[in-house]
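For reference, the structure discussed in these notes is given below.
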Amino acid sequence: LSRLGRWKEVLSCHAVLVDLKPNFWKENQQVPLVYTHLTESLNHYREEIQAFRQNGQLEEALQLCDLSLNLAHDDAELHTQRGLILAESNPENAVDSFRKAVELNPNLVNSWSSLLLSLKKIGQSSELEACCNEISKLGLNIDICQEILNEKCNLQITSAPEVKKI
């Protein structure tokens with residue numbers, strides 16, 4: 001099916017396997033042919049998800065992303081894609097997807113950046129600061145963190161009480 005480009009059918013077959021035997025993938029990741037077809041399908045879907053998103057077809061992108069995540073629930077990049085789709089209409093829900101992505105792979109700079117932007121958009125300043133601290137501990141260099149920390153410093157400086165000269 002994958003040779004014919006029938007990606008939805010490939011994923012459907014994988015979904016049936018998962019339904020019949022939930023631990024199949026963990027037990028059989030060494031099975032090259034099966035795993036290769038799943039990987040090819042997921043890679044194809046990633047491209048389709050991105051194309052749908054870029055064309056403003058957010059519902060289709062989200063459906064495809066959720067279908068892919070049913071099979072590859074520990075795929076940090078798919079969680080990031082899901083967050084990017086949701087961020088356009090519902091940043092609160094996007095935050096959960098970005099959190100999951102950085103939990104699965106803390107080195108994904110794009111996931112951290114997207115999480116920070118969504119947190120900033122919904123006004124979660126305390127979590128923003130905590131994320132920036134975590135990013136700093138990881139040794140990642142993310143520009144928006146510096147901007148957030150600079151904004152915080154500026155707020156503290158401008159809100160400091162005036163000192164009167166005597």
Side-chain angles (χ1 to χ4, degrees), residues 1-122 124 127-128 130-132 134-135 137-145 148:
L1 292 173
S2 63
R3 286 190 192 126
L4 298 172
R6 294 165 60 183
W7 303 107
K8 287 184 182 180
E9 291 171 79
V10 171
L11 281 179
S12 294
C13 290
H14 290 292
V16 169
L17 275 174
V18 170
D19 286 342
L20 293 174
K21 192 170 181 188
N23 293 327
F24 179 81
W25 298 116
K26 288 182 181 175
E27 296 169 6
N28 294 293
Q29 285 186 354
Q30 294 79 22
V31 180
L33 186 60
V34 171
Y35 196 67
T36 299
H37 289 303
L38 176 63
T39 303
E40 285 175 10
S41 299
L42 290 173
N43 287 338
H44 176 76
Y45 268 31
R46 278 189 190 92
E47 292 171 10
E48 269 193 56
I49 291 165
Q50 193 164 0
F52 278 139
R53 199 176 121 243
Q54 289 172 344
N55 291 328
Q57 296 171 283
L58 301 181
E59 222 171 284
E60 291 86 347
L62 189 58
Q63 286 175 354
L64 205 50
C65 198
D66 287 343
L67 176 64
S68 300
L69 281 167
N70 283 337
L71 297 172
H73 59 277
D74 59 350
D75 188 313
E77 290 179 18
L78 281 172
H79 283 283
T80 300
Q81 282 277 13
R82 187 174 197 281
L84 291 170
I85 295 163
L86 292 170
E88 300 192 28
S89 61
N90 191 341
E92 291 89 2
N93 288 341
V95 166
D96 293 333
S97 292
F98 295 133
R99 280 188 191 126
K100 184 66 176 174
V102 297
E103 176 188 315
L104 291 167
N105 185 348
N107 294 315
L108 286 177
V109 172
N110 186 35
S111 301
W112 279 111
S113 296
S114 298
L115 174 59
L116 292 170
L117 289 170
S118 291
L119 288 170
K120 186 175 181 181
K121 196 173 199 177
I122 62 173
Q124 294 290 326
E127 193 172 350
L128 271 170
C131 284
C132 286
E134 184 64 28
I135 289 166
K137 286 179 194 172
L138 292 168
L140 301 174
N141 184 15
I142 300 179
D143 293 337
I144 190 170
C145 259
I148 289 165

| task | Could you tell me the separation between the SG atom of C132 and the CD atom of E127, rounded to the nearest 0.5 Å? | result | 11.0 Å
| Value rounded to 0.5 Å, distance of OG in S113 from CD1 in I135 | 7.0 Å
| field | For D66, all residues meeting side chain to side chain donor-acceptor pair (under 3.5 Å), sequence neighbours excluded | value | R82
| request: With sequence neighbours excluded, tell me which residues meet side chain to side chain donor-acceptor pair (under 3.5 Å) with D96. | output: R99
| message | Can you list everything that forms a side-chain contact (heavy atoms from CB on, under 4.5 Å) with S118? Sequence neighbours excluded, please. | response | A87, A94, V95, F98
| query | side-chain contact (heavy atoms from CB on, under 4.5 Å) with N93: which residues, sequence neighbours excluded? | reply | L86, N90
| Euclidean distance, L116 CG relative to D143 CG, rounded to 0.5 Å | 11.0 Å
| field | Note, R53 side chain near E88 side chain (heavy atom, < 4.5 Å) | value | yes
| field | side chain to side chain donor-acceptor pair (under 3.5 Å) partners for T80, two or more places apart | value | S111
| message | List the residues meeting salt bridge (Lys or Arg N to Asp or Glu O under 4.0 Å) with E92, not counting sequence neighbours, and say none if there are none. | response | none
| task | Measure the CD-CG distance between Q50 and L84 for me, rounded to the nearest 0.5 Å. | result | 9.0 Å
| task | Show the numbers, then the answer: is there a side-chain contact (heavy atoms from CB on, under 4.5 Å) between L115 and L119? | result | CA-CA 6 Å; L115 174 59; L119 288 170; 3.9 Å; yes
| With sequence neighbours excluded, residues passing side-chain contact (heavy atoms from CB on, under 4.5 Å) with L117 | I144
| message | I need the L62 CG to I85 CD1 distance, nearest 0.5 Å. | response | 5.5 Å
| note | CG (L108) and NE2 (H79) are apart, to the nearest 0.5 Å, by 11.5 Å
| field | Test side-chain contact (heavy atoms from CB on, under 4.5 Å) applied to L138 - qualifying residues, sequence neighbours left out | value | P106, W112, E134, L140
| task | Heavy atoms only: give me the nearest Q81-R46 pair and the separation to one decimal. | result | NE2-O, 4.1 Å
| note | E103 meets the salt bridge (Lys or Arg N to Asp or Glu O under 4.0 Å) criterion, sequence neighbours left out, with K100
| field | L104 versus H73, closest heavy-atom pair with distance | value | CD1-O, 4.0 Å
